[in-house]
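What follows is a set of notes on a single structure, which appears directly below.
These values consider heavy atoms only, across backbone and side chains, with no hydrogens, waters or symmetry-generated copies. Lettering follows sequence order; numbering is per chain, from 1.
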Protein chains: 2
Amino acid sequence: MAIGITSEETLDSQLGGCRFNQDANKSKVSYCASCSAHKYALCSKLDGEALAAFGANSTHRKIDAGQTLYSEYDEATSFYTVVSGEVRLSRMLDDGRRQITGFKSQGDFLGLSTKGLYTADAEAIDDVVVCQFSLAGLNKSLENFSAVQVRLMEMMQAEVIDLQDQMLLLGRKTPIEKIANFLLDRAERHIERNGLAEDVNEVEFHLPMSRVDIADFLGLTIETVSRTFTKLKKSGLIELKTSQDVKICDLDELRVQANSDE
Amino acid sequence: MAIGITSEETLDSQLGGCRFNQDANKSKVSYCASCSAHKYALCSKLDGEALAAFGANSTHRKIDAGQTLYSEYDEATSFYTVVSGEVRLSRMLDDGRRQITGFKSQGDFLGLSTKGLYTADAEAIDDVVVCQFSLAGLNKSLENFSAVQVRLMEMMQAEVIDLQDQMLLLGRKTPIEKIANFLLDRAERHIERNGLAEDVNEVEFHLPMSRVDIADFLGLTIETVSRTFTKLKKSGLIELKTSQDVKICDLDELRVQANSDE
DNA sequence: CGGGCCCTTGATTCACGTCAATCTCTGTGG
DNA sequence: CCACAGAGATTGACGTGAATCAAGGGCCCG
């Protein structure tokens, strides 16, 4: 089951029952308002009529695991909000070296461009649903909905700060610190999104991405990632039910290992 | 001579002749319009009356080389535009490891915060002049001047894309690629800011920052930085008049070395 | 049962970091 | 004018930790 889909929702209800729903405007109010990503997304500050009007330009779309949403240097036509599932953003060098710049999930936005071209590859890690806006339409909306503009600003600011954190990690942290940080971020996101108590010291969650993805996110090789997981396992800090299902046994100690500053 | 001050301008004229110039409103039109940072800055889309009104909330301030503008976790009260000189933004770990997240110069903004606290240290590399806004005032201005909001959006977007580039560099590039990239960025900025021909293959410019700063920006040690400079020098790609004054002898070849993708 | 993919583990290498000495430039004081 | 000190940069010798290379294991799916 994909991250971010709460148990009440079927995929069908998220898609509004149709792939292209321009004809669904009259039901938009309840449609967008009931979207599982709404409260984290671009549109989180809108409701009622305004939300319906804003949402009228959007379309939900399903992307299968492994599929490409867009590629770097493609002509940028759309802007996206992730509804469910997880998308990886990455850049590549000619020789195949890759850096993942972020994993985007429920409520996160996607689709930045310069000079009309996307600046990263965007691929679905697992089955993904996105809410798609035409770029032209979004820019028009931004003029009319200042609440969206404000929200976008907030989200961009948060993005910059995240990226700066990640730079510190990439430039100056050891493999153990990197993995600990990574797991900590995932754990905290999981706690937040699932409304668990803030002060728990154990969490269990699923990692949708492969070891290759983790390596390319943290600036390591798969071997080092794997060895570091093993180290953490042997020290009793984590358990691996499968390679993608982690249990953090001591969040506090993980924070120490992560050197995370927060 | 500080980067970004064109030859006609004295520091005095940039400061408007006074440190706190609330009383200078009537002369604001010409004051802001003649600011050397205007065309790159937050206010670049404003002119005439609007520019004067927007600028009324701002104050130019001089910061000496080496001085701190603000520190991480300080209460965020102001937002800044760099008028001249150069500021480094950095984060630190407890044990002193440091990552510089960016060098900010003419027209760039500064002062992002979360939960009311600055997210980085900001220090003057050389003598710096900034244009300072109270955060409250700026937020109010953003409501009234949509052109500023649009411009801020553009600048934030460019910032995100820059940071993603830097992540690819930190995570996946070799020391030579890192230094070549760094020099290339500097060279291109120099060419742009000084209006040189686009197709030159040689440039000469000043690096205001120390080897330590370069190392902390690129995720290297000073020794590796130094050795890499020497390598580039021996291969005839660059010349060093002093350790801070570089001449790029073959920009095209430097682009090859940088693996820069652009 | 067999093939393929992903992950883990082990052995080896080498690039970058570390440690240490020397050099250069600048400013200061005799 | 020179001697000296101190900071920053360079260079060299050496060690190490992560990358590389190579093998083996687990799991899914036909």
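Using a 4.0 Å cut-off between charged side-chain N and carboxylate O, B/Glu188 and B/Arg255 make a salt bridge. Ion pairing between a basic and an acidic side chain is recognised when a charged N comes within 4.0 Å of a carboxylate O; A/Lys241 and A/Glu204 show such pairing. Comment: A/Arg88 does not engage A/Asp216 in a salt bridge, judged by the lack of any side-chain N to carboxylate O separation of less than 4.0 angstrom. A salt bridge does not link B/Glu86 to B/Lys104: none of the charged side-chain nitrogens sits closer than 4.0 Å to a carboxylate oxygen.
Separating the NZ atom of A/Lys233 from the P atom of C/dC7 is a distance of 13 Å, rounded to the nearest angstrom. One interatomic measurement links the two molecules: CG of A/Asp216 to P of D/dA19, which rounds to 11 Å at whole-angstrom precision. Taking atom CG of residue B/Asp245 and atom P of nucleotide D/dG8, one finds them 17 Å apart after rounding to whole Å. Between B/Leu232 atom CG and D/dT10 atom C1' there is a gap of 15 Å when expressed in whole angstrom units. With rounding to whole Å, A/Leu207 atom CG is found 10 Å from C/dC7 atom P. If you measure from atom CD1 of B/Ile238 to atom C1' of D/dT10, you get 13 Å, rounded to the nearest angstrom. Between A/Ile214 atom CD1 and C/dC7 atom P there is a gap of 8 Å when expressed in whole angstrom units. Atom CZ of A/Phe229 is separated from atom P of C/dT9 by 12 Å (rounded to the nearest Å).
Residue contacts shown for B/Ser226 include a base, since a base heavy atom lies under 4.0 Å away. Residue contacts shown for B/Thr242 are absent, as no nucleic acid heavy atom lies under 4.0 Å away.
Listed pair B/Ser243 / D/dT10 fails the phosphate criterion, with no side-chain N or O lying under 4.0 Å from OP1 or OP2.
B/Arg98 forms no cation-pi arrangement with B/Phe217, by the criterion of a distance under 6.0 Å to the ring centre and an angle within 45° of the ring axis. A cation-pi arrangement is absent between B/Arg189 and B/Phe205, since the terminal nitrogen or guanidinium carbon is not both under 6.0 Å from the aromatic centre and inside a 45° cone about the axis.
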What nitrogen or oxygen pairs link the protein and nucleotides 12-19 of chain C at under 3.5 Å?
from   : atom 1 : to       : atom 2 : distance (Å)
C/dG17 : OP2    : B/Thr221 : OG1    : 3.3
C/dG17 : OP2    : B/Thr224 : OG1    : 2.4
C/dT18 : O4     : B/Arg227 : NH2    : 2.7
C/dC19 : N4     : B/Glu223 : OE2    : 3.1

Provide a list of protein-nucleic acid N or O atom pairs under 3.5 angstrom, restricted to nucleotides 27-30 of chain D.
none

Using the rule given for side chain to side chain contact (heavy atoms under 4.5 Å, CB included), can you reason through A/Leu163 versus B/Gln164, listing the C-alpha separation, both sets of side-chain angles and the distance that settles it, and then say yes or no?
CA-CA 7 Å; A/Leu163 290 174; B/Gln164 287 176 348; 4.2 Å; yes
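Of all heavy-atom pairs between A/Gln132 and A/Arg61, the closest is OE1-NH1, 3.1 Å.
Test A/Ile214, A/Thr228, A/Val225 against A/Leu220 for side-chain contact (heavy atoms from CB on, under 4.5 Å) and you get one pass: A/Val225.
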